[in-house]
Amino acid sequence: MGYTAEIPRRSWFAYFELLSERASSHPLRLEVEDRQGASWRMEQALPLVGIDVESREQGTLEVTVGTLRREFTHHVSDPEHVHLLMDDEGNLQCIRIEDRDGVRSLLYFEGEEPVPAWFHAGADEAASWA
């Protein structure tokens with residue numbers, strides 16, 4: 001079944017720093033959806049290099065994937081919300097980052113080894129994935 005949780009903005013920097021350290025090299029597939037339903041998808045999962053918060057205020061989130069030969073960085077300007085989709089054991093299945101314009105960046109964690117979410121939401125932090 002799984003569950004979702006929203007990471008409060010004040011926790012983004014620390015959370016993504018921890019996740020980048022512990023999930024480095026884990027295969028990640030990126031999909032971007034705009035408000036009209038159009039989407040773009042990275043067909044092949046690439047190893048996670050890191051997820052960086054460029055500013056503790058509104059700023060930018062940067063998701064970098066790739067190998068020593070080739071890296072790709074996806075920029076999310078003016079992020080508003082970060083939601084985690086986890087399985088029943090608390091492993092990450094997807095991170096959804098939504099920007100001010102309603103564009104959603106979906107980071108799917110693929111591969112054989114699960115990635116623990118390292119996040120436990122309280123009752124007031126539970127969120128809908130809708």
Any side-chain heavy atom of His74 within less than 4.5 Å of one from Phe72? yes

Mind checking whether Val49 and Val63 have side chains closer than 4.5 Å, heavy atoms only? no

Using only atom types and a distance under 3.5 Å, with no angle test, would you say the side chain of [X] pairs donor to acceptor with the backbone of [Y]?
X      : Y      : value
Asp88  : Gly2   : yes
Ser11  : Ile7   : no
His26  : Glu110 : yes
Trp40  : Glu33  : no
Asp101 : Val103 : no
Arg9   : Pro79  : yes
Asp52  : Glu54  : no
Thr73  : Thr64  : no

Between atom [atom1] of [X] and atom [atom2] of [Y], what is the distance when rounded to the nearest 0.5 Å?
X      : Y      : atom1 : atom2 : answer
Ser77  : Arg100 : OG    : CZ    : 10.0 Å
Tyr3   : Gln93  : OH    : CD    : 10.5 Å
Ile97  : Leu106 : CD1   : CG    : 9.0 Å
Leu18  : Ile51  : CG    : CD1   : 11.0 Å
Glu6   : Arg96  : CD    : CZ    : 8.5 Å
Phe109 : Leu92  : CZ    : CG    : 5.0 Å

Identify the heavy atoms of [X] and [Y] that sit nearest to each other, and give their distance.
X      : Y      : value
Gly111 : Pro27  : CA-CG, 4.1 Å
Leu107 : Leu30  : CD2-CD1, 3.2 Å
Leu84  : Ile95  : CD2-CG1, 3.6 Å
Pro8   : Trp12  : O-CD1, 3.2 Å
Val32  : Ser105 : CG2-OG, 4.2 Å
Ala117 : Met86  : CB-SD, 3.3 Å

Mind running side-chain hydrogen bond (donor to acceptor under 3.5 Å, both in side chains) on His81 and Glu98 for me, showing each step along the way? CA-CA 5 Å; His81 302 282; Glu98 187 169 344; 5.8 Å; no

Test log, rule side-chain contact (heavy atoms from CB on, under 4.5 Å), inputs Leu28 and Tyr108: CA-CA 6 Å; Leu28 190 73; Tyr108 292 97; 5.9 Å; no

